[in-house]
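Below: the structure, in structure tokens.
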Amino acid sequence: MINLDRLNSQQKEAVITTEGPVLVVAGAGSGKTLVLTYRIAYLISLGIPPSSILALTFTNKAASEMKERIRNLVGKKADYIYMGTFHSIFARILRQEAHLIGYSRDYSIYDTDDQENVIKGILKDFNISENHLSPRFIQNVISKAKNKLLFKDNGFEKFFGSYNKKLLEIFEEYNRRLKNSNAMDFDDLLIKPIELFSNNPDLLEEYRDRFHYILVDEYQDTNTAQYHLLKMLVNKNKNICCVGDDAQSIYKWRGAEVRNILDFHKDFPDTKIIRLEQNYRSTKSILAVADSVIKNNVYQIEKTLWTSNEEGDRVKVTVCFDEKDEANFVAKKIFELTNTKKINPRDIAILYRTNAQSRNFEETLIKSSIPYVIVGGVEFYKRKEVKDVLAYLKLLVNPKDDESFLRVVNFPSRGIGDVSIETLRSFALQKEKPLFLSIPDLLNSDKVSERIKRNFGAFHSLITKYQSLIDSNDFYVIINSLIDEIGILQTFKEEGTEEAMQRYENVVQLLNSIQEFQIANPDKTLIDYLSEISLIADIDNWEDRKNAIVLMTLHSAKGLEFDVVFIVGCEEGLLPLKRDGDVEDIEEERRLFYVGCTRAKKHLFISYARNRNRFGNSYPQIQSRFIEEIDKTLVDFEATPLAEIYLKKNSNYRSITTDEYSQVDPFENYEYSQVTRQIKPGSIVEHDVFGKGRVIYLDGYGDHQKVIVEFKNGVRKHLMVKYAKLKVIK
DNA sequence: CGCTGAAACCTTTTT
DNA sequence: GGTTTCAGCG
Ligand SMILES: Nc1ncnc2c1ncn2[C@@H]1O[C@H](COP(=O)(O)OP(=O)(O)OP(=O)(O)O)[C@@H](O)[C@H]1O
């Protein structure tokens, strides 16, 4: 039996009430995830086979962390738990049972880009202008329809039909094309299992029999499809335990239904509802601030949340002049915290509403030589060259995959352009076959030019050659020789530009990741590899082993905790975010702000800028209503020196003179080349974040020149002269 | 068919 | 301001 002494009495109750439906609704930091972890460990210690436990988490990262903790409690048995995201667990089940719904086990997974490409193809064939119905919009409609389980004779038209009659036709053609390509999109991974189980009751019984205990984390952000899956899978014992916090539901835009948590007790009669009320994460100050904001939401379950943690530092709200000033303020604070308070960079997070905000901070952090990592943004696996290589691999395992075929058939360039593709497409349409499989028909026809035949013929034999080899367990070697044969690395190298070299690096990195996967999972196949990387979330790639501060969206921060949190860009229009023509969902935005605040353990900084650059123009900004809502007695307001000038003048942006600007920020327009000439060991220099210091070491020249500077408090910094904007004083 | 420069678009949030 | 798309030319 495992030791539950660490837990409080409600937490214990949630752990040991193993039979029947249990719902844990509780505020942030009350130990919901910890309860799930202990509950699973407890079940295993009771002798329940780990393979009969199904645990669903929100991200892969959350799953692997939980598994690790359980392993620490009960040992290796933890490896046999069915644990992962809804998508990854059901993708795995679908591979097993694909034949029952007309797919094969090597089906491709289409991401949002692939979906949009399919849609673009349909619009073209249907003669619908993209201006009229944008592919992005249609992709949204299709995703909504699927995750809300709306089909042709089941509400689709009621929901979308009035908008545009064509939508249903496009929807059905889209599904036809994916099926034809042996491909599933993200939503299919949830609704195909429903179809599978509905049509095969015996199979459903098998799975019900297998999963005796079902557990779900972050239940407030499950969608209708996930909800139906759960209802199907729960067996007569009804051993389902869901944990969540309605105040942290932030994925409505993607189909999440808070009703799932609100009506849980109706869906599962005799539910035991357990509330956790003690927060173990944050200081009293932070919790009070979060609470004063979230209580402005009308629709929520009443919850109490208290902490016995210390009062802690008061939360700071800082007004900055513009986004550069904000970045400087944050960098300065981080410098202070890591040096004087000895806080580790890895315990600090900068959270923002949109990925686009990261760049500004990135620039300043480089200049300040503060180590950082960015979670999300332009994902590695979404880069063009990476997707192109992956498309080769997808086509090898799934030759029906039209989308991958179209990506690679002319990459690298083989003289196969639009005209050739259209010719092939006409053959494909005739026999309703996928494109790649129609190549033999084209080759046998006497109506096609020799040149086109030659080009397709060469491509066809290339792919078939590797297809026969790829099933082997040593797929890395095969892929390597394929890459070699098509010569893309060489092409990038010959191009020689900085951009091409970056591409080169990315492809090499992809190959490395394939090799690592193969070594780490000797009995897994290329199909498994492709499946796993399709379902990777941004946050899954975050290596918290690195001692670097982390930048991410508020969404990605869900479920995490940090000693220090900066919530930046708290301005009307940005947080809460408002897009032209869209009705904003203020309550959801407020929950997002709440999630952000409650990530902080010890220090919380909230900031906003009076002016913000968008598309090259500066716009005046208004402080976020969420700041207004904070109980004023709980926070300290302050202004950066630049904002101070602005406030004093009580006027608008334009009236700040260049003089005043440079008075406070003398480096703004400073030519660093001048600095490069003058700087030498012993020089006294000034840095806009660290202040004055003495150069103790100088190395290299030009863009690569590096210095070590000792600043006031004896802290030594390694800086790149090019970026550090040092002003030489003496 | 492929490259280049101009124009258009852009910013939600992600499995 | 930066990135992606697209038309027009070689
Ligand atoms: N009984 C306890 N004693 C000490 N620490 C605890 C206890 N319960 C939880 N904690 C700690 O509190 C922190 C928050 O726990 P956890 O992440 O499980 O909360 P949560 O309810 O899932 O939070 P959120 O809803 O914000 O994701 C963790 O660091 C955890 O170790």
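Here is the naming used below: chain letters follow the sequence lines, and residue numbers restart at 1 for every chain. Keep in mind that the numbers below use all heavy atoms, side chains included, and drop hydrogens, waters and symmetry copies.
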> Counting just side-chain N and O atoms, does N60(A) come under 4.0 Å of either OP1 or OP2 of dT15(B)?
Replying inline: no
> So do the side chains of R177(A) and Y174(A) get within less than 4.5 Å of each other, counting heavy atoms only?
Replying inline: no
> Is it true that E403(A) and R407(A) have a side-chain N and a carboxylate O under 4.0 angstrom from each other?
Replying inline: no
> Separation of K558(A) atom NZ from dT14(B) atom C1', in whole Å?
Replying inline: 11 Å
> How close or far is atom P of dC10(B) from atom CD of Q357(A), stated in whole angstroms?
Replying inline: 18 Å
>> One pair to check against ring-ring contact (aromatic ring centres under 6.0 Å, His included): F86(A) and F58(A). What are the steps and the verdict?
In response: CA-CA 8 Å; F86(A) 273 91; F58(A) 199 73; 9.3 Å; no
> How long is the line joining CG of L574(A) and P of dC10(B), in whole Å?
Replying inline: 17 Å
> Hey, are N175(A) and K146(A) close enough side-chain-wise for a donor-acceptor pair under 3.5 Å?
Replying inline: yes
> Given the rule in the salt bridge (Lys or Arg N to Asp or Glu O under 4.0 Å) test, do D585(A) and K252(A) qualify, once you have shown the distances and angles that lead to the verdict?
Replying inline: CA-CA 9 Å; D585(A) 185 342; K252(A) 190 164 145 194; 3.0 Å; yes
>> Taking 4.0 Å as the cut-off, does a side-chain nitrogen or oxygen of S420(A) come that near to OP1 or OP2 on dC1(B)?
In response: yes
> Whole Å only: how far is the OH atom of Y251(A) from the P atom of dT14(B)?
Replying inline: 6 Å
For nucleotides 2-4 of chain B, tabulate all protein N/O to nucleotide N/O atom pairs closer than 3.5 Å, reporting atom names and distance.
{"unit_1": "dG2(B)", "atom_1": "OP1", "unit_2": "N410(A)", "atom_2": "ND2", "d": "3.3"}
{"unit_1": "dG2(B)", "atom_1": "OP1", "unit_2": "S413(A)", "atom_2": "OG", "d": "2.7"}
{"unit_1": "dG2(B)", "atom_1": "OP2", "unit_2": "N410(A)", "atom_2": "ND2", "d": "3.1"}

>> Can you measure L94(A) atom CG to dT15(B) atom P for me and round it to whole angstrom units?
In response: 19 Å
> When you check the phosphate oxygens OP1 and OP2 of dT11(B), does a side-chain N or O of R136(A) lie under 4.0 Å from one of them?
Replying inline: yes
>> What's the closest nucleotide to the side chain of T354(A) if the choices are dT13(B), dT15(B), dC1(B)?
In response: dT13(B)
> What's the CD1-C1' distance between I421(A) and dC1(B), to the nearest Å?
Replying inline: 12 Å
>> Measuring to OP1 and OP2 of dT15(B), would you say a side-chain N or O of T59(A) lies under 4.0 angstrom away?
In response: no
>> Nearest whole Å is fine: how far is dT14(B) P from I533(A) CD1?
In response: 19 Å
>> With the criterion set at under 5.5 Å between ring centres and under 30 degrees between planes, would dT13(B) be stacked on W253(A)?
In response: yes
> Considering only the P atoms, how many Å lie between dT11(B) and dC6(C), rounded to the nearest integer?
Replying inline: 15 Å
>> So, applying side-chain contact (heavy atoms from CB on, under 4.5 Å) with K394(A), which one of D106(A), D114(A), I109(A) is it?
In response: D114(A)
> Taking only residues two or more places apart in sequence or in another chain, which ones pass side chain to side chain contact (heavy atoms under 4.5 Å, CB included) with S426(A)?
Replying inline: none
> OP1 or OP2 of dT14(B) less than 4.0 angstrom from a side-chain nitrogen or oxygen of S556(A), does that happen here?
Replying inline: yes
> Once you round it to whole Å, what is the distance between C1' of dT14(B) and CG of N223(A)?
Replying inline: 12 Å
> What's the shortest heavy-atom distance between V258(A) and S249(A), and which atoms?
Replying inline: CG2-OG, 4.0 Å
>> Check the phosphate of dT11(B) against N355(A), side-chain N and O only, distance under 4.0 Å to OP1 or OP2. Yes or no?
In response: no
>> If you compare every side-chain N and O of R359(A) against the phosphate oxygens of dT3(C) (OP1, OP2), does one of them come in below 4.0 Å?
In response: yes
